[in-house]
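Contents: one structure, followed by commentary.
Convention: sequence-line order gives letters A, B, ...; per-chain numbering from 1. Everything numeric here is computed off the predicted structure, so don't read it as measured data.
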Amino acid sequence: MDQFLQLAVSGILTGGIYILMASGLTLILGAAKIVNFAHGEFIMLGMYFAYWLFTQRGISPYLSVILAIPIFAVIGIVYNKLIIKPTLKKPHLSQVFATLGSQIVITNMALFLWSGDFRSITTPTSTKTFKLGSLFLSQTRLTGFLVAVLIMVILMVFLQKTITGKAINALAQDLRAAQLIGADVDKLIYLILALGISLAGVAGVLLLPQLYAYPSIGLQFVLMSFVIVVLGGLGSMPGAILGGLLVGIAESFVGFINPSLKEVAYFLLFMLVIVIRPDGLLGVKGSHEEALR
Amino acid sequence: MIKNGQKKILLYVFVLIVVTFMPLAINNKMFQHTLVLVMLWAGLAMSWNLVGGMVGQVSLGHSAFFGIGAYVSTICYIYFKVSPWLGMVLGGIISVLFAILISYWTLRLKGIFFSMVTIAFAETVLRVILLVCEKAGVPYGINIPYRPSVLNMTFDSQLGYIYVGLLYLLIILFISSKIKYSKMGYYFSAIKESEDAALAVGIRVRKYKVFAMAISAFFTSLGGTFYAQYLLYVDTASVFDIGNIGIQMALLAIVGGSGFVFGPIIGALLIVPLRELVLTYFGGSFQGLHLVLYGFILILMVTYWEDGLAKLLVNVRYFSRRQINESFRS
């Protein structure tokens, strides 16, 4: 029983950061209706960003997070201008391959610039664990989780309480209707990309203490993010939270049984959910249809 | 006066003769190696195009079929002493079974969701195979014994591979064009344009989707076997690699022009030699640079030139025929 709880808690803690990864994508996919295959690459960049700041300047990742937010927001804006906007009006395939092409470019530039070596950092708190009752909580994971929760709370307040946030929700529900009532879709999409990529970068920064970074890790991240987004429901923040936690827990349990099957677990889950309930667990009914228009 | 139709056939025969005898004339190893790869990838890209370009089902997980082909024939050859040709057919059949499975599973899915599931599928197949290898004691990298003979699909010179590759390419080209300009091909186009409209008109969409995937998988699988026998080495992670295999097939088809039967061939003709060149000159020191180039080309092509390079050729032909007709009138 103890072991079960331990695995579950571990999963939840890691899941917190997965939520961050997926929240960015659910905004981009759900609200802007953009299939961002390169999402994982920005997470990877976030990891390297934290890595270089830590090894070159001794800045803790938990501080780099603050720096990462505006930097990655700008990256998101540039990404939108260069890649996304030109392909918005084109057939769906173009968008898919444009983001896929970006994924290929970014991953291999990283490989070229920084080599394929695995990079990891050890912070002063890396090995510390808290004891809560009979459970052991790794401090690294706990801190990452708490920061992720903080950011998610701020994000959700923004989405639900401000006009702009509500506009984004409107886009997610029905893009054309939102346009009709006066939402400036162009500007909103810039904002969505800035937010989404920023979240991805932040997630990467928070993940570095827990994982090692290498150029091709992006692919794993983007696939996992898609799984979480579909699981939770496109455009749904609560969905991203639930999905992130579920995937974190699933990974924890399956990883215990057999580490090589971790990915298989959530891929199978993905293939099941997408056919049985394509709107996701907490998604708006019909949102998956909407995403295809 | 040679009629237009006959002119076309003459052109094809001419090209065929050139392609058949050119390898004999040019003895450069690099050239021959690139030629084998071009033909393999042209065939693979055309196979992908059957389901990706003609039906519009963008599968990014075709690497699974390629890997299955490479693996099944190799395992059969090494552990069961079965000729790779038979192993190839067996691999093809297994791929078809998987294709039918995944196609049925994703029947209701459209657009990006379909693509995502194909990726998930390919990843799952890779992981499961890696696990099975580990448990069964099969090495991750398998060396295929060098026993040159036609029966073993192993040749002592590049020429053998070139001609087998040519055969592969021609068969797929033939089947591709047969399908495209037949009733089934028009059904495929209809499904691609609008699945709902096709259903409304009475086309059995499910059947054709599954069929397209099955044929595509079969030929992709054959390519996998050929590749394994050419390299005489199968690296599990590589043959099932989504990026290098699955996406590349799609890339070649799209860059070349997925709307045309010969489009993928053009894509292969351009990209494969380019890739080999970049690999040779930059391979060691500038790791990954060739893929960066790839990515850029892909982005540029889909943003500014969705029809692919083949459109250039078609336009040129149309233009010159009009010119000729107009000059007749004056």
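To the nearest 0.5 angstrom, A/Gln103 atom CD is 10.5 Å from B/Ile299 atom CD1. Taking OH from B/Tyr304 and OG1 from A/Thr87, the interatomic distance works out to 10.0 Å, rounded to the nearest 0.5 Å. Annotation: the span from A/Ile274 atom CD1 to B/Phe114 atom CZ amounts to 11.0 Å, rounded to 0.5 Å. Here the CG-OG1 distance, from A/Leu82 to B/Thr303, works out to 10.0 Å after rounding to the nearest 0.5 Å.
With a 6.0 Å radius and a threshold of 12 heavy atoms from other residues, nucleotides or ligands, A/Tyr212 has its OH atom at or below the threshold. By the 6.0 Å contact criterion, CZ on B/Phe211 is open, its count of non-hydrogen atoms from other residues, nucleotides or ligands being 12 or less.
Most heavy-atom pairs under 4.5 Å with chain A, from the set B/Ile247, B/Leu293, B/Ile297: that is B/Ile247. Among A/Val230, A/Val96, A/Ile83, A/Asn258, the residue with the largest count of heavy-atom pairs under 4.5 Å with chain B is A/Asn258. Chosen from A/Val275, A/Val264, A/Val35, the residue pairing most often with chain B at heavy-atom distances under 4.5 Å is A/Val275. Contact count against chain B (heavy-atom pairs under 4.5 Å) is highest for A/Val105 among A/Leu100, A/Ile106, A/Val105.
Looking at A/Leu269, neither its backbone nor its side chain comes within 4.5 Å of chain B, counting heavy atoms on both sides. Neither the backbone nor the side chain of A/Ser216 comes within contact range of chain B; no heavy atoms are under 4.5 Å apart. At a 4.5 Å heavy-atom cutoff, the contact between B/Leu60 and chain A is made by side-chain atoms alone.
The two atoms that bring A/Leu223 and B/Glu123 nearest to each other are CD1-CG, 3.9 Å, heavy atoms only. When all heavy atoms of B/Met116 and A/Phe270 are compared, the closest pair comes out as CB-CZ, 3.6 Å.
Contact annotation: the side chain of B/Ile112 approaches that of A/Phe37 to within less than 4.5 Å [non-hydrogen atoms, C-beta and beyond].
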Next on the checklist: The test is side-chain contact (heavy atoms from CB on, under 4.5 Å); show your working for A/Phe97 and B/Ile254 and say whether it passes.
Outcome noted: CA-CA 9 Å; A/Phe97 279 100; B/Ile254 292 185; 3.0 Å; yes
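Scanning residues 38-49 of chain A against chain B with a 4.5 Å heavy-atom cutoff picks out nothing at all.
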